[in-house]
Amino acid sequence: MIRIIIVISFIGALIFACGNDSNNESPTKKTAKAVDGKKIYQRNCVVCHGVYGDMGASGSFDLTESGLSKDEVIAVITKGRNAMTPWESILSEEEIKAVAEYSMTLRK
Ligand code: HEC
């Protein structure tokens, strides 16, 4: 009888552990695998645009006021514009897309 209880609780623990895995870990795993636009922004863009996008260092555009479409944002980041440096040789296409999406979340 005791063996059965042990076996059942072991299986129960396994199921519980697996359940936890799929509930809690898969979303984090997904974001960890995907490129993190926020991190890319903090690493590369904060110097000019600031944490909230509105710092405006060296004449940089206030990203909270930006009205560009996502394609246009991606184009500015990829090719640069005036004092804004192009990022195509530094960031991958995927990273540029992710950071473009993140920069658009800074809008008011
Ligand atoms: C060297 C400073 C500098 C860095 C670093 C920089 N930017 Fe810029 N950014 C600028 C300047 C300056 C402008 C305005 C360009 C102009 O006057 O045409 C600008 C413009 C923009 C625009 C256009 C906004 C609009 O609505 O016209 C976007 C989007 C943008 N930056 C995103 C980014 C992102 C994302 C990063 C990080 C990958 C980044 N920038 C890094 C200086 C910088």
Side-chain angles (χ1 to χ4, degrees):
M1 188 58 195
I2 284 178
R3 255 188 90 175
I4 290 173
I5 290 172
I6 290 172
V7 167
I8 287 173
S9 54
F10 183 63
I11 292 170
L14 262 184
I15 290 170
F16 182 72
C18 293
N20 256 0
D21 256 12
S22 51
N23 286 343
N24 299 335
E25 269 184 36
S26 61
T28 30
K29 263 183 200 158
K30 257 184 208 156
T31 41
K33 252 188 217 164
V35 280
D36 187 343
K38 186 174 181 181
K39 271 205 193 117
I40 299 167
Y41 182 87
Q42 287 170 344
R43 225 173 275 149
N44 303 294
C45 322
V46 164
V47 269
C48 294
H49 291 286
V51 177
Y52 304 108
D54 60 356
M55 189 166 80
S58 59
S60 49
F61 199 91
D62 182 346
L63 297 181
T64 67
E65 304 281 343
S66 175
L68 297 183
S69 72
K70 189 167 138 189
D71 285 345
E72 290 168 326
V73 171
I74 289 173
V76 171
I77 298 168
T78 307
K79 299 287 175 197
R81 208 179 70 200
N82 302 318
M84 164 116 172
T85 42
W87 291 89
E88 59 187 340
S89 58
I90 300 157
L91 300 173
S92 72
E93 218 172 282
E94 205 186 4
E95 288 169 326
I96 289 175
K97 193 168 157 250
V99 78
E101 278 164 8
Y102 177 75
S103 79
M104 292 174 80
T105 66
L106 299 170
R107 292 178 185 179
K108 282 173 201 151

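Each ligand, and each atom within it, is numbered from 1 in the order the structure gives.
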query: If we only count N/O pairs under 3.5 Å, is H49 in contact with ligand 1?
result: yes
message: Looking at every non-hydrogen atom in both residues, tell me the closest pair between L63 and H49 and how far apart they are.
response: CG-ND1, 3.5 Å
message: Using a 6.0 Å cut-off, check whether atom CD of E94 has over 12 heavy atoms from anything other than its own residue.
response: no
Atom 4 (C) of ligand 1 - nearest protein heavy atom and its distance: C48 SG, 3.3 Å
message: So for ligand 1, is R81 a polar contact partner (N or O within less than 3.5 Å, distance only)?
response: yes
- prompt: Of the protein's non-hydrogen atoms, which lies at the shortest distance from atom 32 (C) of ligand 1, and what is that distance?
  reply: M84 CE, 3.6 Å
message: Checking the N or O distance criterion of under 3.5 Å, is ligand 1 in contact with S103?
response: no
message: Do E88 and E93 make a side-chain contact, defined as non-hydrogen atoms from C-beta onward lying under 4.5 Å apart?
response: no
task: Step by step, work out the side chain to side chain contact (heavy atoms under 4.5 Å, CB included) result for I40 and Y102.
output: CA-CA 9 Å; I40 299 167; Y102 177 75; over 6 Å; no
statement: Counting from 1 in the order shown, the ligand 1 atoms closer than 4.0 Å to a non-hydrogen atom of N82 are 16 (C), 17 (O), 18 (O)
Nearest atoms (heavy-atom pairs only) where S60 meets C48: OG-O, 2.8 Å
query: What atoms in ligand 1 come closer than 4.0 Å to a heavy atom of G59?
result: 12 (C)
- prompt: For K39 and V99, what are the C-alpha separation, side-chain angles and deciding distance, and is it a side chain to side chain contact (heavy atoms under 4.5 Å, CB included)?
  reply: CA-CA 8 Å; K39 271 205 193 117; V99 78; over 6 Å; no
- prompt: Are Y41 and M55 joined in one hydrophobic group, where the rule is that I, L, V, M, F, W and Y side chains link up if heavy atoms are under 4.5 Å apart?
  reply: no
- prompt: Looking at atom 35 (C) of ligand 1, what's its closest protein heavy atom, distance included?
  reply: I77 CD1, 3.4 Å
task: Kindly compute the distance separating OG (S66) from CG (L106), expressed to the nearest 0.5 Å.
output: 10.0 Å
task: If you have a sec, work out which protein heavy atom is nearest atom 38 (C) of ligand 1 and how many Å separate them, to one decimal?
output: C45 SG, 2.7 Å
Reported CZ-to-CG distance for the pair R81 and L68, which is rounded to 0.5 angstrom: 6.0 Å
Point-to-point distance, once rounded to the nearest 0.5 Å, from CD1 of I74 to CD of E101: 7.0 Å
message: Quick test: of every protein heavy atom, which one is nearest to atom 28 (C) of ligand 1, and how far off is it to 0.1 Å?
response: L63 CD2, 3.4 Å
- request: Provide, to 0.1 Å, the distance between atom 20 (C) of ligand 1 and the closest protein heavy atom, together with that atom's residue and name.
  value: F61 CB, 3.6 Å
task: Could you list which atoms of ligand 1 come closer than 4.0 Å to a heavy atom of V73?
output: 29 (C)
- prompt: Taking only heavy atoms of S66, which atoms of ligand 1 are found under 4.0 Å from at least one of them?
  reply: 24 (C), 25 (C), 26 (O)
query: Which part of W87 is near ligand 1, with near meaning a heavy atom under 4.0 Å away: side chain, backbone, both or neither?
result: side chain
- prompt: Can you tell me the protein heavy atom closest to atom 11 (C) of ligand 1 and the distance?
  reply: S60 CA, 3.3 Å
- prompt: For ligand 1, which atoms have a heavy atom of L68 less than 4.0 angstrom away?
  reply: 23 (C), 24 (C), 25 (C), 26 (O), 27 (O)
- prompt: Applying a 4.0 Å heavy-atom criterion (strictly less than), which segment of I40 is in contact with ligand 1: side chain, backbone, both, or neither?
  reply: neither
- request: For side chain to side chain contact (heavy atoms under 4.5 Å, CB included), just list the numbers for W87 and E95, CA-CA rounded to whole Å, side-chain angles, deciding distance to a tenth of an Å, and then say yes or no.
  value: CA-CA 10 Å; W87 291 89; E95 288 169 326; over 6 Å; no
